[in-house]
Asks: 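Got a structure for you, questions after.
Quick caveat, the model's predicted, so the values are computed rather than measured. We name chains A, B, ... by the order of the sequence lines, and we start the count at 1 in each one.
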Amino acid sequence: MSLDRFVNRLKRKCRDQDSEGENQAKSAKQASVSSAVTVNGGISRAGSLAWKEIRAENLDLDYVRLFTKSEADSILQDLEKSVTYNTGQLARVMMFGKWVDIPRKQTAYGEEGLTYTFSGNTVPARPWIPSLTRIRDILTSLTGVHFNFVLVNRYKDGCDYMGEHKDDEKDLSPDCPIASLSFGQPRDFYFKHQDSRGKNATRTVERVSLVLEHGGLLLMKAPTNQYWYHALPQRKRLGQVRVNLTFRKMNPAMCKPLKTEL
DNA sequence: TCGAATAACTAAG
DNA sequence: TCTTAGTTATTCG
């Protein structure tokens with residue numbers, strides 16, 4: 001599988017870079033990520049990746065093209081074959097007195113007992129599957145965070161989208177980054193500060209936009225989620241599928257009990 | 001200046 | 001407060 005080659009490639013790159021003694025001028029934040037990034041044998045591999053830091057008031061994001069095109073192609077293919085999406089009631093939300101289908105497909109995987117709550121529905125995490133544990137383990141070795149949950153969103157084309165929202169901090173372990181991996185159709189993604197939303201905005205804060213590419217990883221770090229809403233807007237001319245994996249570290253004690261069977 | 005896409009806003013419970 | 005759809009305003013090419 002290409003992921004093994006991926007890890008080997010990173011190890012090779014890091015050996016090369018260690019001998020060159022690079023990476024002295026990293027920011028403090030970047031250094032804290034780097035120090036956590038080790039694989040078997042303690043080889044640091046943060047330096048081999050071209051991290052892009054995105055900063056604004058109380059916004060702290062790191063973005064990197066983690067996988068090559070062929071690796072990402074293979075992962076997407078794998079996910080399309082193995083991921084099961086929620087259907088029926090679990091794929092609807094109540095809007096103005098009627099149930100509407102959410103404008104994308106969604107599901108979750110993770111450790112037993114974890115749930116997530118979406119607009120009134122509390123949905124259990126499905127048991128881990130190999131295509132997701134492989135990726136989870138890469139992210140854990142990259143970030144040092146033990147992710148125990150992943151939310152999967154599938155956007156069939158540019159008409160599927162996700163409205164502005166903040167991830168529910170109540171279920172999340174505080175200060176743990178959220179790792180968002182994208183495969184397939186590159187899509188615009190933006191962050192909007194809570195003080196500058198809607199007509200009751202108290203001030204103007206410029207919104208932060210980026211493109212989430214095929215094989216790209218976005219780390220959303222504290223306190224971003226406290227202050228900023230994020231969304232994946234419609235882009236009607238785009239016709240390809242995008243699958244997004246959002247890995248989180250959930251606090252099991254904070255998960256709502258299940259009301260619904262899968 | 002037109003038409004389409006995008007952005008902003010509003011609606012119930 | 002959170003969710004999306006529908007309407008209207010604005011921007012883009």
Side-chain angles (χ1 to χ4, degrees), chain A residues 54 56-59 61 85-108 110 114-125 149-174 178 180 182 184-213 218 220 222-246 248 250-251 254-260 262:
Chain A
I54 301 158
E57 178 191 318
N58 289 314
L59 177 135
L61 309 171
Y85 292 93
N86 295 335
T87 56
Q89 196 55 29
L90 297 183
R92 296 194 186 104
V93 294
M94 175 64 87
M95 286 291 300
F96 303 100
K98 61 177 182 179
W99 290 98
V100 296
D101 291 336
I102 59 171
R104 63 189 171 278
K105 284 186 169 181
Q106 193 171 69
T107 189
L114 294 179
T115 62
Y116 77 101
T117 298
F118 179 79
S119 194
N121 279 328
T122 296
V123 181
F149 181 90
V150 62
L151 183 65
V152 185
N153 279 290
R154 182 182 188 275
Y155 305 86
K156 68 176 185 308
D157 57 28
C159 293
D160 279 3
Y161 66 98
M162 170 112 70
E164 290 177 13
H165 71 286
K166 288 198 274 193
D167 289 314
D168 193 353
E169 305 132 36
K170 290 193 294 293
D171 301 349
L172 295 170
S173 295
I178 294 171
S180 165
S182 300
Q185 176 72 64
R187 291 286 294 265
D188 290 335
F189 191 67
Y190 69 81
F191 289 81
K192 196 181 272 184
H193 196 282
Q194 61 185 14
D195 292 352
S196 67
R197 289 177 80 237
K199 75 172 187 159
N200 295 325
T202 55
R203 61 194 178 118
T204 305
V205 183
E206 201 176 341
R207 86 179 189 178
V208 174
S209 301
L210 61 152
V211 176
L212 300 178
E213 304 162 290
L218 179 68
M220 289 183 263
T224 308
N225 221 13
Q226 264 179 54
Y227 295 92
W228 294 76
Y229 285 77
H230 54 271
L232 188 95
Q234 282 192 324
R235 289 295 179 259
K236 292 185 178 177
R237 277 174 296 209
L238 303 178
Q240 300 305 116
V241 169
R242 169 176 185 266
V243 174
N244 177 70
L245 309 177
T246 316
R248 302 132 194 266
M250 305 277 276
N251 182 351
M254 300 301 289
C255 285
K256 291 195 176 156
L258 267 181
K259 281 181 279 187
T260 331
L262 264 184

Asks: Write down the distance between CD (Q106(A)) and C1' (dC2(C)), rounded to a whole number of angstrom.
Replies: 14 Å
Asks: Quick one: does K166(A)'s side chain have a donor or acceptor within less than 3.5 Å of a partner on Y227(A)'s backbone?
Replies: no
Asks: Atom CD of E206(A) to atom P of dA7(B): distance rounded to whole Å?
Replies: 14 Å
Asks: Roughly, in whole Å, what's the span from CD in E164(A) to P in dT10(B)?
Replies: 14 Å
Asks: Which nucleotide sits closest to the side chain of I102(A): dT4(C), dT6(B), dT1(C)?
Replies: dT4(C)
Asks: Between Q240(A) and Q185(A), is there a donor-acceptor pair closer than 3.5 Å when you use the side chain of the first and the backbone of the second?
Replies: no
Asks: Can you spot which of H230(A), E164(A), E206(A) makes a side-chain hydrogen bond (donor to acceptor under 3.5 Å, both in side chains) with K192(A)?
Replies: E164(A)
Asks: To the nearest 0.5 Å, tell me how far E213(A) CD sits from S182(A) OG.
Replies: 9.0 Å
Asks: Grab the CG-P distance between N86(A) and dT3(C) for me, whole Å please.
Replies: 16 Å
Asks: How would you label the contact of R104(A) with the nucleic acid (heavy atoms, under 4.0 Å): base, sugar-phosphate, or nothing?
Replies: sugar-phosphate
Asks: By nearest atom, which of the nucleotides dT6(B), dA7(B), dT4(C) is closest to the R207(A) side chain?
Replies: dA7(B)
Asks: State whether Y161(A) places a side-chain N or O below 4.0 Å from either non-bridging phosphate oxygen (OP1 or OP2) of dA5(C).
Replies: yes
Asks: For R237(A) and for V93(A), locate the closest nucleotide of DNA chain C by heavy-atom distance; then report the residue assigned to the nucleotide nearer the 5' terminus.
Replies: V93(A)
Asks: Can you find a side chain N or O atom of R197(A) that sits less than 4.0 Å from OP1 or OP2 on dC9(B)?
Replies: no
Asks: Provide, to the nearest angstrom, the distance between the NZ atom belonging to K166(A) and the P atom belonging to dT1(C).
Replies: 9 Å
Asks: L90(A) CG to dT3(C) P: how many Å, rounded?
Replies: 16 Å
Asks: Once you round it to whole Å, what is the distance between C1' of dT4(C) and NE2 of H165(A)?
Replies: 14 Å
Asks: Just call it for Y229(A): base, sugar-phosphate, or nothing, with non-hydrogen atoms closer than 4.0 Å on any strand.
Replies: sugar-phosphate
Asks: Using OP1 and OP2 only, check whether a side-chain N or O of K192(A) sits under 4.0 Å from dA8(B).
Replies: yes
Asks: What's the CG-C1' distance between N225(A) and dC2(C), to the nearest Å?
Replies: 14 Å
Asks: Does N225(A) reach the main-chain N or O of D167(A) with its side chain, forming a donor-acceptor pair under 3.5 Å?
Replies: yes
